[in-house]
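What follows is a short report on a single structure.
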2 protein chains.
Amino acid sequence: MKTMDWQDGCLVLLDQTRLPGEIIYIRCEKPEEVAEAIKTMRVRGAPAIGAAAAYGMALGALQQKTGDREQFMKRLQDIYDLLAATRPTAVNLFWALNRMMKVAEDADTGDVSEIKELLLTEAHNILLEDIEMNRRIGKYGNSLIPYRARILTHCNAGALATGGYGTALGVIRAAHEAGKQVEVWADETRPLLQGARLTAWELMQDNIPVTLITDSMAGYLMKNGQIDLAVVGADRITGNGDVANKIGTYTVAVMCREHGIPFYVAAPVSTIDMNLASGDEILIEERESSEVTNLYGREIAPSGVRVFNPAFDVTPNYLVTAIITDRGIIRPPYEENLGKLFLDSDK
Amino acid sequence: MKTMDWQDGCLVLLDQTRLPGEIIYIRCEKPEEVAEAIKTMRVRGAPAIGAAAAYGMALGALQQKTGDREQFMKRLQDIYDLLAATRPTAVNLFWALNRMMKVAEDADTGDVSEIKELLLTEAHNILLEDIEMNRRIGKYGNSLIPYRARILTHCNAGALATGGYGTALGVIRAAHEAGKQVEVWADETRPLLQGARLTAWELMQDNIPVTLITDSMAGYLMKNGQIDLAVVGADRITGNGDVANKIGTYTVAVMCREHGIPFYVAAPVSTIDMNLASGDEILIEERESSEVTNLYGREIAPSGVRVFNPAFDVTPNYLVTAIITDRGIIRPPYEENLGKLFLDSDK
């Protein structure tokens, strides 16, 4: 099972809105199709969005007929803007788009067809590097997992949310591969049920024991001593270690602290946005009310009811036990230790 | 809109599994039909279950052909057992059944037809008293509500959960009737969506402003200062003030304390079970996994996934700001003050 693949000049995406009932791949030939797939969450998860957007840029480049570099760059900027407008919260989206743009800008050739090649190669690199980063996240994260562990996760930070292997689920996969006795509690994650539809499905494919619960049951399990740790992904981490992630993550983190349970965040360094000092500066995407009131076209609430539907929340740094990155485990104080991480990488 | 009504020798119940899409009343002519309606949650909510079960006893009595009191009582005990086995957590069920049984046992007549009359009258009394109790709960509770209040509620402790008017929603109704500016945040309350299907619907009928959220969004709202207080119902309250209520209530209570938000429980005194010293002794009903994996017959999770589905959780007394009863507001220390309440009532 692949989240995305490049085939015959097209980006092929597993349509995650159809899982687990149907396994359907869609072919994107144009950047507009990639943008639509991101917006409607056919592809979702911060790292996967980044990689898909990179391919969207590559498609937009390959499509162009012009041989004029200036015209080419102007159109590329339009495609950048189109893709950047799809989802506001995940920073990997902007990280990937900027990386693509930089390749085009820095190319020391006037030959547009060469730039196109460079862009496609860069998109491939972003995808392959992501899988590699996730394996490193898994390796570091595994060091935090006891031999027997009952692990809570929220939403889907798995192979489906990334190029492959997963961030939070990458940590769980690595522990499972190391022979540890891990069992997963998967929050179903309303409104879009990524936990039920994607996380449970993905773990069942790998024969990792998983039990599905509704989001409000995790507290009950914690109180009864049935959860040893929680690990989630992230859509954006700010310079002070605040974490934007799927709505409900903040509640999981508070409940973990209430019960003395470690709360880990697993994410590649590309998720860290050092331009933002704290989570207060993160724009939280609000999505359509129909995500809450309808399920597969069926109304599950009174017609016309008012709805509030924020897609993310922010977990403040003091609730985060550690951040598991592809460059190691970061512990508090985050401002200092995340700062060091970026200083080191500039060397 | 009535939750239940006695018509032409039948108990007529609003089928709450069909709301809000369809308003359908079912007629129960036999106690077995009442038991089925309770089990499948066509009628639900602790006080409503109590009243429906009382009518179930009355139906079982009226149905009998025998004129022999001993035979009659034996059969009545069978009906008691049938109804008592429907839902284990709500104490009002047992309270109502015991009250009915006592009427039959204490009747100073050997005439079975007279006992039948007494039983039907008692069932009517239980229903009418419940509405009256809820109005008193509302009156007391209103004293706790500020002039402008944004109120979170979980599940449905409304007119639909009771004989009428509601417990938690009774408090909100009373504040609204008193001219206060109340706005309600309704947790949708997975898995059975009583908040979306019943609470939102009920409040919209009464033109009380309501906004629907998924269960995991309440924490986000609290963090943003958008919730002033929470009020919920109860299925059972133990002698020390621990509260069994719909799964997720415990998480709401912890989040309230984290944010310094008052957390109130509204319930009639019949919900208080002085026979249990603490919430540890409450039997928590586990329900079928299909409630989590299916919605209106559609699968929303992978086939065969393992599920854990507890219907209730227990909120420990230290998280409860006050218990609003039909005999006044009870504050900590609960063991002492609930004890006093029952001592007073024995005088």
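Throughout, protein chains are lettered first and strands after them, A, B, ... in sequence-line order, and every chain is numbered starting at 1. Just so we're clear, the structure is a prediction, and the values are computed from it rather than from any experiment.
With a threshold of 4.5 angstrom between heavy atoms, B/E299 approaches chain A through N, CA, C or O but not through any side-chain atom. Contacts between A/V314 and chain B at a heavy-atom distance below 4.5 Å involve backbone atoms as well as side-chain atoms. Contacts of A/S303 with chain B are made by backbone atoms alone, with heavy-atom separations under 4.5 Å and no side-chain atom involved. With a threshold of 4.5 angstrom between heavy atoms, A/M217 approaches chain B through its backbone and through its side chain. For a residue to count as touching a neighbouring chain, one of its non-hydrogen atoms must lie under 4.5 Å from one of that chain's; by this rule A/R298 touches chain B with the side chain only. At a 4.5 Å heavy-atom cutoff, the contact between A/I300 and chain B is made by backbone and side-chain atoms alike.
In this structure, the ring of B/Y165 has its center no less than 6.0 angstrom from the ring center of B/H176.
Your options are A/N224, A/I284, A/L19, A/L203, and the one with the most heavy-atom pairs under 4.5 Å with chain B is A/I284. In terms of non-hydrogen atom pairs under 4.5 Å with chain B, the most contact-rich of A/D215, A/V254, A/T293, A/L221 is A/V254.
In this model, a donor atom of one side chain and an acceptor atom of the other lie less than 3.5 Å apart for B/R44 and B/Q16.
Side-chain contact check for B/L169 versus B/E202: some heavy-atom pair is nearer than 4.5 Å.
A donor-acceptor contact shorter than 3.5 Å links the side chain of A/H154 to the backbone of A/I247.
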